[in-house]
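Data block below; observations after.
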Amino acid sequence: MKNIAIFASGAGSNAQKIIDHFKQSDKARVTVIVCNKPGAGVLQIAEREGITSILIEKEAFLHSDKYIQLLKEQKIDLVVLAGFLWKIPANLVQAFPNRIINIHPALLPKFGGKGMYGHFVHEAVIAAGEKESGITIHFVNEKYDDGETILQERIIITPEDTPESVARKVQALEHQWFPVIVERLLTSSES
Ligand code: GAR
């Protein structure tokens, strides 16, 4: 049985989809939810689902091995960032080489980087007059939204679209693809 850690700070809809996907699985399970925001919806999901949640302290996250040790103790095979907005420190990236993935609600390298998350991304996409957007699932390195792409899927933007309608279309793609890619990565590796 492989162990997944989900890092999330928002409503947690992607976390919920991944939890549901693996509920009946004998291959993997969501073992821990790591969150940096007290009161985030994802913490309620963790509680309801009976999954351990950890609220992280910024200082220890950025300047110690505390959370690396914790993830190792839990025998985590894959760290999944699902709406987690802090940059992952180098020591954590190095402790889980090619074992940390992120989902971004646009077609990177466009509309990525610090401060580009959630509705800010969709507002920028509409403001730029883009004809398409989508999702990028990628490996995480020490820079924001920069690691090797695993999957991109696209939506078409029509003249009637608003940031809200684009957000809905992109979210549907996230929910469709993120659990599938998590499973693919876990089952294609023997580590
Ligand atoms: C998702 O749309 C994800 O792509 C985005 O946060 C949302 C979390 O939603 N992540 C970023 O923007 C990262 N730069 P959720 O809490 O409902 O899963």
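Just follow the structure's listing: the first ligand is 1, and inside any ligand the first atom is 1. Predicted model, so just to flag it, every value in this text is computed and none were measured.
- Distance alone, capped at 3.5 Å, is enough to place a donor-acceptor pair between the S64 side chain and the K66 backbone.
- Checked against a 3.5 angstrom limit, the closest N/O atoms of L85 and ligand 1 fall outside it.
- Between the side chain of T136 and the backbone N or O of L108 there is at least one donor-acceptor pair closer than 3.5 Å.
- Rounding to the nearest 0.5 Å places CZ of R168 at 14.0 Å from CG of L173.
- Residue contacts with ligand 1: V121 is excluded, as none of its non-hydrogen atoms falls under 4.0 Å.
- At the top of the distance list for atom 16 (O) of ligand 1, counting protein heavy atoms only, stands G12 N, 2.7 Å.
- Short contacts between ligand 1 and G118, defined as distances under 4.0 Å to a heavy atom of the residue, involve ligand atoms 12 (O).
- With salt bridges taken as basic N to acidic carboxylate O contacts below 4.0 Å, none links E174 and K17.
- Using a 4.5 Å heavy-atom threshold, the side chains of I54 and Y67 count as touching.
- Checked against salt bridge (charged side-chain N to carboxylate O under 4.0 Å, His left out), D20 has the following partners two or more places apart in sequence or in another chain: K23.
- Checked by distance only, ligand 1 and D145 stay at 3.5 Å or farther apart across all their nitrogen or oxygen atoms.
- Distances below 4.0 Å separate heavy atoms of Y117 from the following atoms of ligand 1: 11 (C), 12 (O), 14 (N).
- Grouping Ile, Leu, Val, Met, Phe, Trp and Tyr by side-chain contacts under 4.5 Å, direct or through others, leaves L107 on its own.
- Shortest contact from atom 9 (O) of ligand 1 to any protein heavy atom: N14 ND2, 3.9 Å.
- By the 3.5 Å distance cut-off applied to N or O atoms, A15 is not counted among the residues near ligand 1.
- Salt-bridge formation is detected for the pair D161/K169: a Lys NZ or Arg NE/NH1/NH2 atom is positioned less than 4.0 Å from an Asp or Glu carboxylate oxygen.
- E148 and H138 are not linked by any side-chain donor-acceptor pair at a separation below 3.5 angstrom, with hydrogens and angles left out of the test.
- Where the criterion is an N or O separation shorter than 3.5 Å, residue side chain and backbone included, N102 fails it with respect to ligand 1.
- Of all atoms in ligand 1, numbered sequentially from 1 with element shown, those under 4.0 Å from a heavy atom of P105 are 4 (O), 5 (C), 10 (N), 11 (C), 12 (O).
- Ligand 1 has no atom lying under 4.0 Å from any heavy atom of A8.
- At a heavy-atom distance under 4.0 Å, only backbone atoms of M116 (N, CA, C or O) approach ligand 1.
- Cation-pi geometry between K37 and F84 is not met: the NZ or CZ atom fails to fall both under 6.0 Å from the ring centre and inside 45° of the normal.
- The nearest heavy-atom contact from the protein to atom 17 (O) of ligand 1 is S13 OG, 2.6 Å.
- Atom 1 (C) of ligand 1 has as its closest protein heavy atom E174 OE1, 3.3 Å.
- Taking every heavy atom of G83 and a limit of under 4.0 angstrom, the matching atoms of ligand 1 come to 6 (O), 8 (C), 10 (N).
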